[in-house]
Amino acid sequence: MLEETILFSPLVNIAKRIRSREISPVELTSSYLDRLERFSPMLNAVVTIVHERAMEDARQAEREIQAGNYRGPLHGIPYGAKDLLATQGIRTTWGAPPFRDQVFDFDATVISRLQSAGAVLIGKLSMLELAGVGHYRYASASLTGPGLNPWNPTTYTGGSSSGPASATAAGLVGFSIGSETWGSILTPASFCGLSGLRPTYGRVSRYGAMTLSWTMDKLGPMCRSVEDCLVVLSAIAGYDPKDPSTLAEEFTCGSEVEHVRGIRIGVVQDGFDEHGEPEVKRGFHEAMHVLTQAGADLHPVSLPTFPYHEVAEVIVASEAACAFERLIETGRIGELVDTAQQAGILAGTKIKAVDYLKAMRLRTLLKAEFASVWKDYDVLIGPTSLTVSPPIQGSVHDLYLTYLITAGNLLGMPGITVPCGFGRGKLPIGLSVVGPPLEDAKIARIAQLYQEATTWHRLYPPLFTNN
Amino acid sequence: MNSNSANGPGPNDLRQTIVDQSATFEEEMNKADEYLQRVVRTIRAQDVPQGTEPAFQFRL
């Protein structure tokens, strides 16, 4: 088995050693599979371990590389996918009991693209049932039980990409793919001390992904560094005729930003005074200090006054009620774990078309208002969450969701979270960077520059490391 | 319903269901309905100017 230091190291470093044949994809895959099998039960991180297909793919990668056919930085790298991405012949449960035996006969585009890049799928990772769309009350609202945080397994990973977050943070996979409709990449990435990137809406094809909300669903990488996120996003981004919402614009991970000096950063702190934990406030202030010291131009900014959560609620609840119409009609919605989920989805069927359309018009209004924000600022930053991860037993209904997360998802803006310290109970804190649509590379570059000045992303959960 | 359907491998106390059994489905449904009614009232109270037609449009 390979050493932990290798398994936690940046993908580009592993890739160089694979390319030079210092590391064998077969040995790398065996090592991650071993950790996934040993540790995932402690975290409820996995739905299905894909052992045989993974080893076959790893052997093929090894043969290709030995023959001089190196495909790029993901060739031979093992990863996990949130269990809402269709995988041919491997069950895709959407984290929900009614779909526990669901098997598709095709791969989602993201899975196909990663396969083409030579990445090795080793696990279908846990998630909240139906990505938590009906406002689940408890972390246990999942086919596989509550997502347990590797930094302290008596606390929650956050959702809905719980398995991708815990498996990546604990070094059980090289990287993972999560999804975000309304905070489901950024929140668990922040709670688990990861770098998680929510791409611009339409940047990544959703073909073969569970639909929750057609106008808000996104797929993106969850990794141990920003650099890793960029490598993964480069492989999965791009137009897909199978998903009409995908953008024609090509994604290139290069950004003209060389340093943060002169970058105009708006600082968003809604709910900060009332809901922010003292340690989160301190961590965020220290992160602002790092950026200021590097020459960034930081200014407090108030987001446009707007019913953010209400508009998002009406849109998501309406679209989900339609997306899960069959589940409702058949009565199988009653099989969902969390009663609050069942009720929330059913309540969405009662929203009138006129209210949905008005919410969509308000969304257009918000888009125009944000155009003014982007005239004054290159990016916005804020704490990803105002608290660290909560205890696993309690209700999650009291968690404060920032306007920055809601606005980012409503308007399809790219966002990234990076670890920026530790709060109560030595649990990770996250810093979010959000930019205008299509500026994925810019926000990632600014987050990367922050990581170059700090070491938070190089600290791993002690329970899952020997160091 | 409870989540004893959890099917991950291995024993773990925290894998057990943590769901408040005291709330019935009817109670949850009432809460969800009341919540969405409040949300919708907020939406209806907003002014929406011309030029905010929905982003989705019929295309031939």
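Letters A, B, ... are given to chains in the order of the sequence lines, protein chains preceding strands, and every chain is numbered from 1. Since we're looking at a predicted model, the values are computed, not measured.
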Lys350(A) vs Asp33(B), test: side chain to side chain contact (heavy atoms under 4.5 Å, CB included). Steps then yes/no.
CA-CA 8 Å; Lys350(A) 299 173 190 172; Asp33(B) 280 339; 2.8 Å; yes
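The part of Lys352(A) that comes within reach of chain B is its side chain, from C-beta onward, which places non-hydrogen atoms under 4.5 angstrom from that chain. At a 4.5 Å heavy-atom cutoff, Asn30(B) makes no contact with chain A through either its backbone or its side chain. Proximity to chain A (any heavy atom under 4.5 Å) is restricted, for Leu36(B), to the side chain, taken from C-beta onward. In this structure, chain B has a heavy atom under 4.5 Å from the side chain of His135(A), while its backbone stays farther away.
Residues passing the side chain to side chain donor-acceptor pair (under 3.5 Å) test with Trp182(A) are Thr406(A), sequence neighbours excluded.
For the pair Arg137(A)/Lys31(B), a side-chain contact is recorded, criterion being any heavy-atom separation below 4.5 Å from C-beta on.
When all heavy atoms are compared, the tightest approach of Thr42(B) to Pro307(A) is CG2-CB, 3.9 Å. Closest heavy-atom contact between Phe25(B) and Thr339(A): CA-CG2, 3.6 Å. Between Ala32(B) and Ala347(A), the shortest heavy-atom distance links the atoms CB-CB, 3.9 Å.
Here the CD atom belonging to Glu310(A) is positioned 11.5 Å from the CZ atom belonging to Arg41(B), to the nearest 0.5 angstrom. Taking CD of Glu28(B) as the reference point, atom CG of Asp338(A) lies at 7.0 Å (rounded to 0.5 Å).
Each of Thr364(A), Leu365(A), Leu362(A) was scored for a side chain to side chain contact (heavy atoms under 4.5 Å, CB included) with Val48(B), with one residue passing: Leu362(A).
Looking at Lys358(A), its side chain does come within 3.5 Å of a backbone N or O of Gln46(B) through a donor-acceptor pair.
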